[in-house]
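Note sheet for the following structure.
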Amino acid sequence: MFSSVQSSSVTHIVTEFDNADAVARKLGLESARCLNQRQVVKLQWFADCIRAGCIVPVDEHHKVKSGENNQVAPPVSARIPDYACQRHTPLQHHNTKFTDALEILEKYADLRYDDQDYSRALAFRRASCVLKSLSRPLSRLSEIQNVTHIGSHSQKVIQEILEDGTSEEVEKICADPWFQKMKLFTAIFGIGPARAKEFIAKGWSSIQEVRDGCTSSDWRIQWGLAFHEDLTTPVTRAEADYILGVVRRHVDRVLPGAVMELTGGFRRGKQTGHDVDILIMHPLENKIIGALPRLLQSLQSHDIVLCGRHERSTYHEELLTQNTKLSPRGQLDHFEKWIGIIKVPNKIRIKNDQSDKTSSHQLGNNKCNTDMKENKDKCENRNFQSDKNTDSCKRDVGNESVLYQRQEDTLDSGSAISDSLEDVWESLDKASSSSSPSHGNPREVKASQGDWIARRVDLIISPFSQFFYALVGWTGSKQFNRDARTYAEREMNMKLSSHGLYDFNQGKQLVASSEREVFDNLKLPYFEPQDRNC
Ligand code: UTP
Ligand code: MN
């Protein structure tokens with residue numbers, strides 16, 4: 001080496017190393033990428049130049065491999081940030097043979113140890129998530145030996161898979177009848193691990209035995225059992241889009257100007273899911289009052305709803321600062337929501353098989369922005385022109401700045417609706433608390449099922465002021481949320497939830513008018529939904 005590598009006059013680097021990453025490290029750089037456009041060549045090139053008496057072009061056989069296919073991969077530990085919310089975690093990654101195994105161990109620990117010791121399950125999940133974020137397949141254990149989140153148990157499993165292709169422990173778990181029954185029973189809508197264990201204790205091992213013996217009056221279990229096959233058939237993207245379209249049509253009737261977003265796994269790019277999660281908000285904060293009961297009535301009157309339960313909002317501002325322990329199986333929030341089952345024509349699912357997979361969800365990210373713009377226009381053209389009691393608020397939505405007319409409490413969201421509203425609440429509450437709501441007896445409905453399939457749907461209503469936090473929360477993944485919330489607490493002295501972000505240092509709430517701002521407020525780099533698949 002005759003010159004400093006930083007100098008722009010350096011065009012070629014001649015080396016005896018067999019890969020460019022090793023050269024970079026020798027030069028005190030992080031990786032071969034830091035060598036920019038400089039050619040890293042073997043001694044052979046130098047010899048050829050001497051022989052020719054001039055600089056010869058670099059041929060394929062002169063080149064030193066880039067770092068990617070090295071025999072000795074550099075340790076990746078130094079580059080892995082601690083929290084999953086600081087890492088790209090794509091849906092398709094390079095280490096499924098390890099992550100599938102680790103997530104079986106997670107599931108087993110979750111079911112076996114239940115609420116007492118969820119940390120066991122989490123340890124496997126964390127290890128799995130680190131591997132999902134690696135940019136290449138793991139080839140030797142030494143690459144991850146010092147990574148904080150990969151503990152000795154996970155390392156042992158990874159080592160076994162590296163050597164034999166499988167893990168004996170994982171194989172054993174998969175073959176364990178107890179585990180198989182637990183998985184079968186907890187897949188029933190409304191059944192958690194505690195009740196699944198009761199079923200096993202009774203000696204049941206099939207869905208039919210549960211159907212014959214279970215006397216629960218819980219509406220979810222009754223409908224869940226009757227429609228078990230439907231509900232465990234994965235929901236396709238075409239079906240999710242169809243459901244979104246149907247709900248949108250009804251929302252347009254009962255809550256004009258509302259913004260809707262398909263969230264959950266579909267927003268993260270998944271092609272199938274176990275349910276469809278739809279987040280709804282209106283740019284005028286008070287417009288959402290009473291909207292969900294009206295929406296459900298509208299859906300019901302079109303014979304779309306099979307069953308469901310409406311939950312009123314339990315939100316109050318103190319929740320933003322209260323120290324709530326995260327539930328192991330998800331982050332319960334306080335939004336007004338409807339959890340239920342709707343009917344989707346069979347042809348929608350069948351059509352999906354032939355359809356172009358990239359069609360609608362690729363737009364997922366922008367859809368929200370487009371909706372916002374459209375809806376804001378609708379709002380402005382409708383009945384919100386008056387300046388009285390309005391305050392204009394500028395919101396940045398993605399790359400767009402959108403001006404909303406915010407209307408204060410006085411208009412039709414108040415007394416006019418509330419008279420009839422109580423009736424609607426009452427009828428919905430009645431329907432939801434009874435075991436066989438007005439829509440009939442689950443088994444009878446199943447017996448006379450038409451050309452449709454039952455699909456689980458969650459409809460969540462968020463106030464505008466909380467919307468972008470709700471969007472991040474309901475987009476998930478669950479592990480992304482877990483890590484983002486832990487990161488907020490430990491690293492930022494903040495509390496993050498689907499309702500907002502509270503900064504204890506400043507003693508105030510941090511507002512967000514775009515998803516990006518949620519990340520900005522947390523001082524996190526922005527990750528697209530597709531990169532939140534941890
Ligand atoms: P899901 O359980 O539907 O997960 O919750 P998912 O990722 O969409 O999985 P599939 O594809 O349906 O199987 C969706 C998101 O909503 C959050 C969860 O944390 C998850 O990120 N969530 C769920 C809440 O924020 N609050 C809740 O009460 C429930
Ligand atoms: Mn979902």
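Order of appearance sets the numbers: ligands from 1, and atoms from 1 within every ligand. Residues: numbered from 1 along the sequence shown.
Geometrically, ligand 1 and Gly265 share a nitrogen or oxygen pair separated by less than 3.5 Å. Looking at ligand 1, you'll find an N or O of Lys478 within less than 3.5 Å of one of its N or O atoms.
Of all the atoms in ligand 1, the ones that sit under 4.0 Å from a non-hydrogen atom of Gly264 are 8 (O), 14 (C). Counting the atoms of ligand 1 from 1 in the order shown, those under 4.0 Å from a heavy atom of Asp277 are 3 (O), 8 (O), 14 (C). Atoms of ligand 1 found under 4.0 Å from any heavy atom of Asn481, numbered from 1 in the order shown, are 19 (O), 21 (O). Heavy-atom contacts of Gly476 reach the following atoms of ligand 1: 21 (O) (cutoff under 4.0 Å). For ligand 1, the atoms lying closer than 4.0 Å to a non-hydrogen atom of Asp275 are 3 (O), 12 (O). Applying the 4.0 Å criterion to heavy atoms of Gly273 picks out, from ligand 1, the atoms 11 (O).
Side-chain N or O atoms of His499 include none that pairs as donor or acceptor with a backbone N or O of Tyr469 at under 3.5 Å. No donor-acceptor distance shorter than 3.5 angstrom exists from the side chain of Lys287 to the backbone of Pro256, with no hydrogens or angles considered. Not one N or O on the side chain of Ser154 forms a donor-acceptor pair closer than 3.5 Å with the backbone of Ile150.
Relative orientation of the Trp178 and Tyr108 rings is perpendicular, given thresholds of 30° and 60° on the angle between their planes.
Comparing His274, Arg268, Arg267, Arg482 against atom 7 (O) of ligand 1, the shortest heavy-atom distance belongs to Arg268. Looking at Phe266, Trp474, Phe335, it is Trp474 that brings a heavy atom closest to atom 23 (C) of ligand 1.
Judged by the 6.0 Å distance and 45° axis criteria, Arg532 is not positioned over the aromatic ring of Phe527.
Annotation: Trp474 is not in aromatic contact with Phe467 [ring centroid separation under 6.0 Å not met].
Note: angle at the Mn ion (ligand 2), from OD2 of Asp277 to OD1 of Asp275, is 100° (rounded to 10 degrees).
The nearest N, O or S atom of Asp458 is not closer to the Mn ion (ligand 2) than 2.8 Å.
In summary, Asp458 and Lys337 do not engage in a salt bridge, as defined by a charged side-chain N under 4.0 Å from a carboxylate O. Asp230 and Lys446 are joined by a salt bridge, as a carboxylate oxygen and a charged side-chain nitrogen come within less than 4.0 angstrom of each other.
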